[in-house]
Amino acid sequence: MPEADSATPKQFQPDIPVAQAPFYVKGANSYDWGMQNRLSRIFRPETGRTVMLAFDHGYFQGPTTGLERVDLTIVPIAPYADALMLTRGILRAAIPSSAQNGLVLRASGGPSILKELSNELLAMDVEDAVRLGACAVAVQVYVGGEFETQTVHNLTKLVDAALRYGLPVLGVTAVGRDLVRDARYLGLATRICAELGAQVVKTYYCEADFDQVTAGCPVPIVMAGGKKLEELAALRMADQAIAEGAAGVDMGRNIFQSDSPTGMIQAVRRIVHDRWTPEDAYELYRSIRSGAVGGGE
Ligand code: R5P
């Protein structure tokens, strides 16, 4: 027989209403608990933003510069990222299972850099993503690309499969060589991803009217870093993207190809979460690079 419940008066406190806080991630208010919880492991509750470290490039370009040894270059800086965007192969092979980051797993693939890149198919079952503890799965969408419809269909198939598990989908707008990365194109591509069910969209920054791209997308946009820039320029781009409505960054080469990946990721973090100026963040990067403050190479 279990012990009888205590006879002391119960504390229902009927004068205190139950809190009904809206969920803080854009467009996510009506999602189920599991979906919201996974998003909260990507977007920090304190700021509503994320520093996602992207190093999934090997899925189509093999041993990318800076990613030859993920165990040596990425694992040491991973604790500075809120979330990691990577393939399941690298996750199992190189990332300690004690990692505390939210995981965004690449779920599309097919062609290598030797072929037409837009000819992708889904490349992972969502069950395996759940088995690995993923917080989201990512799929490339080539709006305007040769295999546009196929990649949009990849997105919708993945959304349908992932919804069964409360797993968010990150739609990645891939811009083909012949397409202009302006607000009109990025607005088109990001909105299509969101309309068709992506709970988060990743896209590039554009100098003019990026705020219209973020405003026109009903779910959070995270900024892709793109090709390696000089460090201060990359930090300025991240700052502008946040100022113009991005909910964070999903940067790869501008971090792991820097001469101080540790310095860069900490500088990016200061911009995204603490809204430091790019100049102050750059000074932090320089100090870490030179070993003047913790984390130097
Ligand atoms: C590209 O297809 C991958 O999704 C990369 O993760 C993405 O391009 C972000 O990396 P980067 O900041 O190097 O552009």
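Given the structure is predicted, the values throughout are model-derived calculations rather than measurements. Numbers here are sequence positions counted from 1. Counting starts at 1 for both ligands and their atoms, following the listed order.
Among pairs with a residue in residues 8-28, those fulfilling salt bridge (charged side-chain N to carboxylate O under 4.0 Å, His left out) read D5-K10, at least two apart in sequence or across chains. Sequence neighbours left out, the pairs with a member in residues 41-53 that pass salt bridge (charged side-chain N to carboxylate O under 4.0 Å, His left out) are R44-E46.
Taking the ring centroids of F256 and H57, they lie under the 6.0 Å cut-off.
Looking only at distances, a side-chain donor or acceptor of T214 sits under 3.5 Å from a matching main-chain atom of E244.
Shown here are the side chain to side chain donor-acceptor pair (under 3.5 Å) partners of S40, two or more places apart in sequence or in another chain: there are none.
At a heavy-atom cutoff of 4.0 Å, ligand 1 is surrounded by A54, D56, H57, F60, M85, R106, Q140, K202, Y204, G225, G226, D250, M251, G252, R253.
A cation-pi geometry, defined here as NZ or CZ lying under 6.0 Å from the six-membered ring centre and within 45° of its normal, holds between R181 and Y204.
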